[in-house]
Amino acid sequence: MPKSLDDATKKQLAARVNFYREMGIYDFYRRPVEEGALAIAASSRASEDDIVPVTPGSGRSLFDSSLPVIQDKPAALKIIREDLGDCTRCRLHKGRMNLVFGVGNVNADIMFVGEGPGADEDAQGEPFVGRAGQLLNNMISAMGLKREDVYIANVVKCRPPSNRTPEKDECDTCSPFLMRQIDVIRPKVIVALGAVAAKNLLAMNDSMANLRGRWYDFRDSKLLVTYHPAYLLRDPRQKKEAWKDLQLVMKYLGLKAPAKAPGE
Ligand code: SF4
């Protein structure tokens, strides 16, 4: 280990350690390394096989890539779920029947992120299974995909009372677990469904009109904002606008719509 690290390296090292912590890896140890090489070895909660290793003397810097690639995604997600446990970190736990973790393909190119569970989701423990969920399924089908092809989660994992908007402190408490899920799934595109998801993910307080229609760099993904399906049920005229957003995603990923979009 060099006697002192420059500020940029310290910052990168801190970000890397934080990433491992978010992955559920808490214990670190130092081992002798060749001059000029840095290595962090992780032990305890995840096996070293879960992460592409950076070995001393490999000629590869610890910081060559932006973030480590998680190899065993189901195991990494299981750790996040176990860390949540029977979560009582915010007041939303009081009214829930089920904690709604997230569902879908761990290797998905697209991750949809909504606001929080509603009554149906709370009852079934799965995101987007009610009427809004049916519309989301139709939107996914219109993109030429199946629900099983994507990953779906919410900013908060417990149903707010009377389906109210989750409050800032509730989002702040719960969203680190979503960030960990995003870092495991590492989708090419995140679609933020509605203002709550968009504002929390982007940490921007802006109108949907301003948030929509452009790409954002988000962690290692691209992020696009569109309307929440529940809003589209209330105002179906906006479906056309949402479809425009999804077409941007399709273009980016090279997806082709089926001849006739299902559900139309
Ligand atoms: S909303 Fe999130 S932080 Fe709050 S109790 Fe549920 S799981 Fe825990």
Side-chain angles (χ1 to χ4, degrees), residues 17-26 44-46 70 73-106 108 110-133 136 147 150-187 190-205 211 218-219 221 223 225 227-231:
V17 169
N18 192 43
F19 173 83
Y20 284 124
R21 288 206 169 121
E22 288 188 344
M23 289 299 112
I25 300 167
Y26 302 106
S44 110
R45 307 211 51 195
I70 304 296
K73 294 183 177 184
L77 289 172
K78 191 161 169 269
I79 289 171
I80 300 169
R81 182 63 190 87
E82 284 170 2
D83 285 349
L84 270 163
D86 192 16
C87 185
T88 56
R89 290 171 178 84
C90 84
R91 66 183 81 81
L92 292 183
H93 80 276
K94 290 180 191 161
R96 75 162 178 247
M97 287 170 66
N98 286 296
L99 187 155
V100 181
F101 181 69
V103 73
N105 185 340
V106 297
I110 307 178
M111 183 165 175
F112 289 93
V113 177
E115 178 178 317
D120 294 312
E121 290 75 19
D122 183 43
Q124 296 183 41
E126 185 171 327
F128 286 94
V129 290
R131 280 183 67 225
L136 178 62
R147 182 177 166 100
V150 305
Y151 195 88
I152 307 171
N154 284 307
V155 173
V156 294
K157 301 189 185 308
C158 301
R159 182 192 180 198
S162 310
N163 293 344
R164 68 158 167 77
T165 302
E167 291 177 11
K168 186 175 181 310
D169 63 317
E170 295 159 351
C171 294
D172 289 348
T173 305
C174 203
S175 59
F177 294 96
L178 172 66
M179 300 306 164
R180 289 172 62 182
Q181 287 170 284
I182 290 171
D183 286 341
V184 170
I185 307 288
R186 194 97 54 109
I190 296 167
V191 180
L193 297 167
V196 171
K199 289 178 187 179
N200 274 281
L201 289 170
L202 295 169
M204 287 168 71
N205 193 11
L211 290 167
F218 184 81
R219 298 170 101 86
S221 306
L223 187 148
V225 177
Y227 293 114
H228 193 287
Y231 173 76

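Whatever order the structure lists them in is the order used to number ligands and atoms, beginning at 1.
- Under a cutoff of 6.0 Å and an axis angle of 45°, Lys157 and Phe177 do not form a cation-pi pair.
- At least one side-chain heavy atom of Leu136 sits under 4.5 Å from a side-chain heavy atom of Leu193.
- Between Arg131 and Asp120 there is no salt bridge, since no side-chain N of the basic residue sits under 4.0 Å from a carboxylate O of the acidic one.
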Q) Between Phe128 and His228, does a ring pair (Phe, Tyr, Trp, His ring centres under 6.0 Å) hold up when you go through it step by step? A) CA-CA 11 Å; Phe128 286 94; His228 193 287; 5.2 Å; yes
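- By the 4.0 Å N-to-carboxylate-O rule, Arg96 lies close enough to Asp86 to be salt-bridged with it.
- Arg164 and Glu115 are not joined by a salt bridge, as no carboxylate oxygen comes within less than 4.0 angstrom of a charged side-chain nitrogen.
- Side chains of Val155 and Glu170 form no contact here, defined as non-hydrogen atoms less than 4.5 Å apart.
- Per-residue contacts place Leu84 under 4.0 angstrom from the following atoms of ligand 1 (heavy atoms of the residue considered): 7 (S).
- Shown in contact with Leu99 at under 4.0 Å from a heavy atom are these atoms of ligand 1, numbered in order with element: 7 (S).
- Only protein N, O or S atoms were considered, and those under 2.8 Å from atom 4 (Fe) of ligand 1 are Cys90 SG.
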